[in-house]
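Below is one structure, written out as structure tokens; comments come after it.
Throughout, residue positions are numbered sequentially from 1 according to the sequence presented.
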Amino acid sequence: MFYGEVEYWLYLHFSYSDSALYRSEWNEKLDGFFKKYNLGNGRYEKNYVDIYKMLDEFGGVHTAIKNARRRMADFDKEHVRPSEYDPGTTVYQLVEELREYLK
């Protein structure tokens, strides 16, 4: 099982990665971005009420979708479950569907 799914999805808002990391490592990388872009209190915290707005401030959702699509392009859904593809995420599919309703 892949640990750090949420953190990986959030990381994709800033940059692409195909590295299999632990949640704590994703947290450290997110801390760097939150500090660099002066988001929140300068550190990643999972419970920010306005995290979607913060991450989308610089087109982050578009970037995350693009990065997730890139990562999942080689995903073999016939032989591997999404939860075993490390790292990987299909959250972008849900977000794309929901964005249609937000327009």
Q | Heavy-atom donor-acceptor pair, E25 side chain to Y22 backbone, under 3.5 Å | A | yes
Q. Are any side-chain N or O atoms of D31 and backbone N or O atoms of Y44, one a donor and one an acceptor, separated by less than 3.5 Å?
A. yes
Q. Which value, rounded to the nearest 0.5 Å, describes the distance between L94 atom CG and R99 atom CZ?
A. 12.0 Å
Q) Strictly by modelled atom types, are D76 and Y85 linked by a side-chain donor-acceptor pair under 3.5 Å? A) no
Q: May I ask you to say whether E96 pairs ionically with R69, meaning some side-chain N is under 4.0 Å from a carboxylate O?
A: yes
Q: May I ask you to decide if S17's main-chain N or O and Y8's side chain share a donor-acceptor pair within less than 3.5 Å?
A: yes
Q: Write down the atom of Y48, the atom of G40, and the distance for their closest heavy-atom approach.
A: OH-CA, 3.6 Å
**Q.** Heavy-atom pair of closest approach, residues M72 and G88
**A.** SD-CA, 3.7 Å
Q) Does the side-chain contact (heavy atoms from CB on, under 4.5 Å) test come out yes or no for H13 and V61, once each step is laid out? A) CA-CA 6 Å; H13 285 70; V61 173; 3.9 Å; yes
Q | Heavy-atom pair of closest approach, residues F14 and L39 | A | CZ-CD1, 3.8 Å
Q: Please round to the nearest 0.5 Å and tell me the distance separating atom CD of Q93 and atom CG of L98.
A: 12.0 Å
**Q.** Sub-4.5 Å side-chain heavy-atom contact between K29 and E7
**A.** no
Q) CD1/I51 to CG/D56 distance, rounded to the nearest 0.5 angstrom? A) 12.0 Å
Q. Are the side chain of S19 and the backbone N or O of L21 linked by a donor-acceptor pair below 3.5 Å?
A. no
Q | Pairwise side-chain contact, V95 with I65, heavy-atom cut-off 4.5 Å (strictly under) | A | yes
Q. Out of curiosity, L30 CG to K46 NZ, how far, rounded to the nearest 0.5 Å?
A. 10.5 Å
Q.
So which atom in W9 and which in A68 form the shortest heavy-atom distance, rounded to 0.1 Å?
A. CZ3-CB, 4.0 Å
Q | Shortest non-hydrogen separation from N67 to L12 and the atoms involved | A | ND2-O, 2.9 Å
(Q) Would you say that S15 contacts F33 through its side chain, given a criterion of any heavy-atom pair below 4.5 Å between the two side chains? (A) yes
Q) When clusters are formed by joining ILVMFWY residues with side-chain heavy atoms under 4.5 Å apart, either directly or through shared neighbours, do Y16 and V6 land in the same one? A) no
